[in-house]
Amino acid sequence: MPLLNSYDIIFAGGGTAACIIAGRLAQADPSLKILIIEAGSHSLNLHHHVQPARYLNNLVQGHTFTHHNSVPSEALGGRSVCVPSGCCVGGGSAVNFMMYTRAPSSDYDDWEKLGNPGWGSGSLIPLAKKVETYQVPAGSPSVHGFTGPIKVSHGGRDTNIGKEFLETAAQYDKDRKTSPSADTNDFQTINVYGPWHKYIDSRTGKRSDTAHHFIYNLQNFNLEPSDSSNLHVLTNRRVVKVLFRNNCAIGVEYAAREDFNGKSPSQPPRIAYASRLVVISSGAFGSPAILERSGIGAARHVAEANVQQIVDLPGVGENYNDHNFCLSSYLASEDSDCLDGIFSGDEEAIKPHLKEWQEKGSGLLAHNSIDAGVKLRPTSEELEELGPSFRQVWKDVYVGAPDKPVAILCPIAGDLKNAGALTPSKLKTFGMAFYTTYPQAIGYSHITSGTNPWAPLRFDPRYLVDPADIAVLRWCYKRGRELARRMRSFRGEIPAAQPDFRPSPLISDVSIGTSQSVVNESTASVNPTASGPVPIDAPKIVYSKEDDRAIDDYIKATVGTTWHSLGTCAMKPRAAGGVVDSQLNVYGVENLKVADLSIVPLNVGANTNNTALVVGEKAFLLITEDLGISLESEQISKFGIRSLDI
Ligand SMILES: Cc1cc2nc3c(=O)[nH]c(=O)nc-3n(C[C@H](O)[C@H](O)[C@H](O)COP(=O)(O)OP(=O)(O)OC[C@H]3O[C@@H](n4cnc5c(N)ncnc54)[C@H](O)[C@@H]3O)c2cc1C
């Protein structure tokens, strides 16, 4: 295998952002020798990656993920949470749910205000356009791109669940607009119920990820490193640490799993040299871990792992952000377009959809179960409902930024929670998924071993430590439930995926002067079977204090990751806890950049793949500038791309 001893640029990690940067660099300057070292395997044309609807079963199977288990949390009743991140070429973009949502422009402007020139919305929105081909009819050229590698479409089919959600919202929620043609991803729109699109190519029905659209389609690219390509990808290897000479990065040490049969490596380190640049792009968990193993981080954390510190950067591994995800589930009518069967991974259930997907790129296999949604901001009445714990957060985060949503709510055409486990009984289900966009919880992730990149991390996302985060989820649960029970296909609430509303405790009826007791039946009780929806104008469910407690208990027992980890190598001034500067250079050393979602300094109010694409595009420009590579746009768009309709 002609793996070289030395490259111009080495990428530690081959995920979402890395594939964009490396693929574009390989095209922009064919004389560059580039190496990507990726912890996972290749994803080229594997059906669990490219057939969109298989994403959930893939998540349940777990092979293409790294699982990060948190320390037990008091706020979650002693529970530990597991946060998986993508582990394959393409990273998160090759395994995610393909939901296309974009951050509000004020998020990027906030980054710039922190002292990061060139990272405001004026600079980044053009890159969000550059990366995409928006296949949705009537997309506005002021906010969408039509020639980029990543395809965005509505997927292979409309589900009735998505349609009914929009119809119900139009009739029920008079405080907000609904439009089946709204563009809720124009960097501004909030409080509009609209269709939600997907990273799916409408022509092929395949997932549109960065591995296939920036790496695998390069002319002469081979899965095995070969002389014919200037870009080599080494899979199933983890970067242990960066190597330095006089604080200048000169390469990396990497390892294979089998090198770690015991606690310490069983063979001498494997080394690859980089003459011009090392780019760490291992995501919000992997990137700070590589820095800490390299001796860059807080004295305490590197010392605890027996690593000698070379740069004191206390921000490494801090500022961990995610969104807090919850779900409630409902039974759907038999004729609903639900993905439960496909989610279960049962090939018999998948078979009926395969032919249409292969021949036309359409149908439920070219789908992610999510057709519609809303970015929610509370009305003044709802602000009251959110209560005192949310008041200060509202002032600090939202008042000055009218484009920021407080939460995202969307219906799921299938049982996300049980991954189709109810399917053997032929039940059809739908869910209401909701997550807080700017949770107050900020966590951390640090290494426990200085030598073993497979060792577990010491990690705490700190979900729900702030009561404001519970208040938002409680509000979302109630809103989602009112919409769900009005949808035409509603057939009941699944008790296991709802709060445990109990009748109020027995109360002594002193008024009649006896010790007789009465049971105060909760009006919020779960309705497990229904012949159909309640009328649109049915009264809202009234929740007692006990009911609110039951919702909070449900949230604490079930809240989990939205798989949106970011922020652990934040791009901020060094004095403010920053790890990289606005050119993505790691403070205190040379020839070392970080480029992935770990550099995001403040959370974004959307699913994060779009921001990872933008960070990748921006990092590519910064690197070409540093290396003096000229960018003639014609060369970039036409050089060395082959069709991937394999
Ligand atoms: C299950 C799931 C569902 C999601 N759903 C959506 C969605 O629907 N919409 C959306 O917008 N976003 C979604 N996301 C989030 C989005 O995909 C991620 O935010 C984004 O892909 C992160 O990009 P990144 O480049 O920062 O890191 P990644 O894409 O995670 O790349 C990091 C790469 O580095 C590798 N790596 C780690 N450590 C090492 C090491 N030591 N050496 C070598 N390689 C290493 C990893 O294997 C990985 O491939 C989802 C994510 C997941 C996991």
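Numbering of ligands and ligand atoms starts at 1, following listing order.
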Could you tell me, atom by atom, which parts of ligand 1 come under 4.0 Å of a heavy atom of [X]?
| X | answer |
| --- | --- |
| R237 | 43 (C) |
| E38 | 33 (C), 34 (O), 35 (C), 44 (N), 46 (C), 47 (O), 48 (C), 49 (O) |
| S281 | 32 (C), 33 (C), 34 (O) |
| G91 | 29 (O), 49 (O) |
| A17 | 25 (O) |
| S93 | 21 (O) |
| I37 | 43 (C), 44 (N) |
| G92 | 17 (O), 21 (O), 28 (P), 29 (O), 30 (O) |

- [ ] Applying ring-ring contact (aromatic ring centres under 6.0 Å, His included) between F325 and each of W563, F434, Y463, report the one that passes.
- [x]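 The option that passes is W563.
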
Task: Charged N-O contact under 4.0 Å between R102 and E132 - done: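 Looking at R102 and E132, the cut-off is met.
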
Task: R24 side chain to Q27 side chain, donor-acceptor N/O pair below 3.5 angstrom - done: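 Checked: R24/Q27 side chains show no N/O donor-acceptor pair below 3.5 Å.
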
Task: Test item: side-chain donor near acceptor, S208 and D201, under 3.5 Å - done: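 No.
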
Open item on the list: Are any of the N/O atoms on T16, whether in the backbone or the side chain, positioned under 3.5 angstrom from an N/O atom of ligand 1?
Closed with: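 Yes - when backbone and side-chain N and O of T16 are compared with those of ligand 1, one distance drops under 3.5 Å.
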
TODO: Say whether S598, considering both its backbone and side-chain N or O atoms, lies within less than 3.5 Å of an N or O atom on ligand 1.
DONE: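 The answer is no, given that S598 and ligand 1 share no N or O pair closer than 3.5 Å.
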
For [X] and ligand 1, answer yes if some heavy atom of the residue is under 4.0 Å from a ligand atom, otherwise no.
| X | value |
| --- | --- |
| C88 | yes |
| F65 | yes |
| R293 | yes |

Open item on the list: If you define the side chain from C-beta out and look only at heavy atoms, does anything of L473 sit under 4.5 Å from V559?
Closed with: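 The answer is yes; the side chains approach within 4.5 Å.
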
Open item on the list: Any non-hydrogen side-chain atom of Y435 less than 4.5 Å from a side-chain atom of C326?
Closed with: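 Answer no - side chains too far apart.
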
- [ ] With heavy atoms under 4.0 Å as the rule, classify the contact between M98 and ligand 1 as side chain, backbone, both or neither.
- [x]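 Backbone only.
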
- [ ] Answer with side chain, backbone, both or neither: which part of P84 has a heavy atom less than 4.0 angstrom from an atom of ligand 1?
- [x]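 The backbone, only.
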
- [ ] Report yes if the distance between the aromatic ring centroids of H68 and F285 is under 6.0 Å, otherwise no.
- [x]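 H68 vs F285: aromatic centres under 6.0 Å.
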
